[in-house]
Student: 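One structure coming up, written as structure tokens, with questions to follow.
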2 protein chains.
Amino acid sequence: MRQSADMIPMEGKPGEAAGPQYLALRDQIAFNIEIGKLPAGSRLPSERQFQTSAGFARGTIRQALAQLEAEGLIYRRDRSGWYVSPPAITYDPTRWAGFMAYVTEQGRTPATITLAKSSINANAALADIFRVAPGSPLHVIERMRTIDGRPVLVERITVDPALAPGLLDHDLDGSLTQILKHKYGVVVARNRVDMRPCALAKEAAETLGTKPGAPSLTVVRTSFDEKGRVVEYDQEYWRHDAIRIHVDLSVRGEPDA
Amino acid sequence: MRQSADMIPMEGKPGEAAGPQYLALRDQIAFNIEIGKLPAGSRLPSERQFQTSAGFARGTIRQALAQLEAEGLIYRRDRSGWYVSPPAITYDPTRWAGFMAYVTEQGRTPATITLAKSSINANAALADIFRVAPGSPLHVIERMRTIDGRPVLVERITVDPALAPGLLDHDLDGSLTQILKHKYGVVVARNRVDMRPCALAKEAAETLGTKPGAPSLTVVRTSFDEKGRVVEYDQEYWRHDAIRIHVDLSVRGEPDA
DNA sequence: GAGTGGTCTAGACCACCTT
DNA sequence: AGGTGGTCTAGACCACTCA
């Protein structure tokens with residue numbers, strides 16, 4: 001039996017200030033998410049069902065959905081449908097725990113899939129980061145990580161083989177930092193993290209099962225050992241609705257806000 | 001004299017892998033930004049000029065522009081046009097400097113405009129944060145901040161009047177933390193920062209001169225004094241292309257990435 | 001007042017996921 | 001095979017900005 005538009009009947013919402021129609025539809029969907037009529041992970045009616053039930057053109061529907069996506073309330077699975085976003089994971093760059101630990105702590109189920117491992121020759125940018133000559137060999141690992149089965153990030157890790165020869169022969173689905181520490185005696189002493197909102201490039205979008213341009217958060221992490229050598233250079237692309245940054249600090253330096 | 005589409009002639013770009021037309025147009029525009037033909041702050045040709053020169057329907061043009069906006073390469077000024085984004089400001093939540101200091105340090109010109117100041121009664125959420133009874137009076141300040149004349153953030157600051165009576169009578173265009181420290185002897189000892197990508201709500205969008213749904217970064221900062229009382233609760237909404245987070249840390253705790 | 005982006009319509013075909 | 005979202009067209013009118 002086909003599912004009709006009103007199998008997930010949307011509640012109306014008390015009148016709002018007039019505005020564009022797509023925002024009214026956005027409000028209505030957001031309202032239904034808030035009150036739990038559309039629980040996390042559930043699927044929204046199809047765009048064409050909205051067309052019928054809401055009476056707008058499909059473009060208008062898609063504007064409302066794109067707005068909700070930008071807000072992090074819903075996400076899309078390419079050519080499958082729109083789904084309500086699960087809660088985000090909180091990430092604290094000053095705490096020293098990895099993905100697996102974070103996610104487990106927060107009552108969710110993490111998983112890692114290694115997509116590719118290869119050896120490349122350093123281009124100018126990488127040569128500069130690792131302080132090696134351009135063309136030097138570097139290990140590159142590409143992984144995808146999921147929370148409760150939903151892909152939330154793709155990452156590309158670069159490691160200097162001088163510090164970890166034969167690294168690619170290990171099982172890389174766990175903690176890389178652990179492998180570096182226990183198998184190679186390489187210990188991370190300093191960490192640099194850069195974050196910025198961005199949009200998914202085509203490739204990353206494909207492996208995350210979404211569309212190029214989907215909003216995203218780029219996290220670039222550079223790890224140094226006690227001698228200041230770069231141990232690990234990790235570029236992560238997160239679904240923007242899956243992560244939340246939290247930092248807790250005591251004062252040092254001069255207040256001047 | 002009217003400006004014709006080819007007053008900013010767009011360079012063609014070496015052939016790319018086939019894909020949607022809007023991505024091809026995106027690549028072309030991004031290329032022209034990279035090579036400096038479209039410098040930071042400059043205005044792009046109008047959508048209708050693109051329609052003529054690129055030969056696509058306007059919807060397709062707008063898709064390319066929205067993609068570039070999501071990537072942070074361009075931004076819009078409502079009903080005025082599309083502009084190339086200036087470089088982002090780097091923000092380090094572990095460093096103890098305010099907006100004015102950051103921006104100046106990075107060779108840019110900051111400014112603050114106080115939009116509104118008022119007294120409200122705490123709702124449930126705020127009462128919980130400040131540990132006061134619901135309905136207790138609270139100071140609320142709304143400000144907009146600009147870099148080189150471009151609005152980049154709106155913020156809403158809440159302060160407990162018990163700690164700073166008469167705060168609203170001061171000039172609030174400078175550093176609030178300074179005022180609290182020097183006029184009221186209130187010193188911030190601990191700081192909590194939460195960040196997450198989001199989309200601008202209607203009001204914030206209007207004051208930033210953009211459209212609801214424009215990508216954005218929410219930064220919520222809670223400041224405590226040495227006794228653990230909440231001194232300042234600051235909700236900031238940043239244009240997502242204006243900010244970049246940078247954290248530099250030494251290891252503490254257990255590595256487990 | 002001319003031009004801009006913002007919103008909206010009503011179609012169409014396609015690639016891909018799902019069953 | 002049927003349904004989904006992804007892409008694209010060719011119009012239209014509006015609110016607003018800017019000179």
Side-chain angles (χ1 to χ4, degrees), chain A residues 1-5 7-8 17-27 42-52 54-70 74-83 151 199-200 202 205-214, chain B residues 1-5 7-8 17-27 42-52 54-70 74-83 151 199-200 202 205-214:
Chain A
M1 171 184 133
R2 287 265 40 295
Q3 182 177 324
S4 85
M7 278 205 58
I8 304 184
Q21 298 177 340
Y22 79 91
L23 283 183
L25 177 55
R26 182 227 90 97
D27 289 342
S42 67
R43 188 174 154 173
L44 270 61
S46 79
E47 296 176 3
R48 285 167 175 92
Q49 282 171 338
F50 275 124
Q51 235 176 128
T52 308
F56 302 140
R58 193 166 152 228
T60 306
I61 310 283
R62 283 175 66 79
Q63 245 180 304
L65 295 169
Q67 164 82 21
L68 288 161
E69 181 191 37
I74 66 174
Y75 69 100
R76 48 180 122 192
R77 295 221 299 255
D78 196 41
R79 266 165 263 258
S80 158
W82 295 87
Y83 299 80
L200 287 178
K202 193 182 159 199
E206 274 165 16
T207 78
L208 289 181
T210 188
K211 200 189 80 121
Chain B
M1 172 184 129
R2 286 261 45 297
Q3 182 176 324
S4 87
M7 278 205 56
I8 304 184
Q21 297 177 338
Y22 79 91
L23 283 182
L25 178 54
R26 181 228 89 97
D27 289 342
S42 67
R43 189 176 152 173
L44 270 62
S46 80
E47 296 177 2
R48 286 167 175 91
Q49 283 171 340
F50 274 124
Q51 233 176 129
T52 308
F56 302 141
R58 194 167 149 226
T60 306
I61 310 285
R62 283 175 66 79
Q63 244 180 307
L65 295 170
Q67 164 83 20
L68 288 161
E69 180 191 38
I74 66 175
Y75 69 100
R76 50 180 122 194
R77 294 220 302 254
D78 196 41
R79 267 165 261 261
S80 158
W82 296 87
Y83 298 80
L200 287 179
K202 194 183 158 200
E206 274 165 17
T207 79
L208 289 181
T210 189
K211 202 188 79 123

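Computed from a predicted structure; not experimentally measured. Note on naming: letters A, B, ... go to the chains in the order of the sequence lines (proteins, then strands), and numbering restarts at 1 for each one.
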Student: Given atom CG of Leu200(A) and atom P of dG6(D), what is their separation to the nearest angstrom?
Tutor: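 The distance from CG of Leu200(A) to P of dG6(D) comes to 13 Å, rounded to the nearest Å.
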Student: What's the CD-P distance between Gln67(A) and dC8(C), to the nearest Å?
Tutor: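 Distance check: Gln67(A) CD to dC8(C) P gives 12 Å.
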Student: For residues Leu25(A) and Ile61(A), report the shortest heavy-atom separation together with the two atoms involved.
Tutor: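 Shortest heavy-atom separation between Leu25(A) and Ile61(A) comes out as CD2-CD1, 3.8 Å.
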Student: Let me know, please, whether Gly55(A) or Trp82(B) comes out on the 5' side of the other along DNA chain C by nearest nucleotide.
Tutor: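 It is Trp82(B), whose closest nucleotide lies nearer the 5' terminus.
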Student: Glu206(B) CD to dG5(C) P: how many Å, rounded?
Tutor: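 About 19 Å, once rounded to whole Å.
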Student: Which heavy atom of Gln67(B) sits nearest a heavy atom of Leu200(A), and at what distance?
Tutor: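 Looks like NE2-O, 4.2 Å.
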Student: Tell me the interatomic distance from Gln49(B), atom CD, to dA2(C), atom P, rounded to whole angstroms.
Tutor: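 Interatomic distance, CD of Gln49(B) to P of dA2(C): 17 Å.
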Student: Does Ser46(A) make a side-chain N or O approach to OP1 or OP2 of dG3(D) shorter than 4.0 Å?
Tutor: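 So the side chain of Ser46(A) is outside the cut-off, no N or O lying under 4.0 Å from OP1 or OP2 of dG3(D).
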Student: Looking at every non-hydrogen atom in both residues, tell me the closest pair between Ala64(A) and Tyr22(A) and how far apart they are.
Tutor: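 Minimum heavy-atom separation between Ala64(A) and Tyr22(A): CB-O, 3.4 Å.
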Student: Could you tell me how far apart Gln21(B) (CD) and dC13(C) (P) are, to the nearest whole angstrom?
Tutor: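 One finds 16 Å between P of dC13(C) and CD of Gln21(B), rounded.
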Student: Just compare dC8(D), dA10(C), dT7(C) and give me whichever is closest to any side-chain atom of Lys211(B).
Tutor: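 From the listed options, dT7(C) comes nearest.
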Student: Please check: side-chain N/O of Ser80(A) versus main-chain N/O of Arg76(A), any donor-acceptor pairing under 3.5 Å?
Tutor: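 A pair under 3.5 Å: no.
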Student: Provide, to the nearest angstrom, the distance between the CZ atom belonging to Arg58(B) and the P atom belonging to dC8(C).
Tutor: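 Distance check: Arg58(B) CZ to dC8(C) P gives 13 Å.
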Student: Between P on dG6(C) and OH on Tyr75(B), what's the gap in Å once rounded to a whole number?
Tutor: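 Atom OH in Tyr75(B) sits about 14 Å away from atom P in dG6(C).
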Student: Starting from C1' on dC8(C), measure out to OH on Tyr22(A) and report it in whole angstrom.
Tutor: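 Those two atoms, OH and C1', are 12 Å apart.
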Student: How many angstroms lie between atom CZ of Arg62(B) and atom CD of Glu69(B), to the nearest 0.5 angstrom?
Tutor: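 Output value for this atom pair is 9.5 Å.
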Student: Can you give one letter per nucleotide of nucleotides 14-19 of chain D, going 5' to 3': B for a protein heavy atom under 4.0 Å from the base, S for sugar-phosphate only, - for none?
Tutor: -BSSS-
Student: Is it the case that the side chains of Trp82(A) and Glu47(A) hold a donor-acceptor pair, with the cut-off being a distance below 3.5 Å and no angle test?
Tutor: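 Note: Glu47(A) and Trp82(A) side chains meet the donor-acceptor criterion.
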Student: When rounded to the nearest 0.5 angstrom, what distance separates CG in Leu44(A) from CD1 in Ile74(A)?
Tutor: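 Between atom CG of Leu44(A) and atom CD1 of Ile74(A) there are 5.5 Å.
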Student: Which nucleotide sits closest to the side chain of Arg62(B): dC8(D), dG5(C), dC8(C)?
Tutor: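 Nearest listed nucleotide: dG5(C).
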Student: Which nucleotide in the list dC8(D), dT4(D), dC8(C) gets nearest to the side chain of Gln63(B)?
Tutor: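 Among the listed nucleotides, the one closest to the side chain of Gln63(B) is dC8(D).
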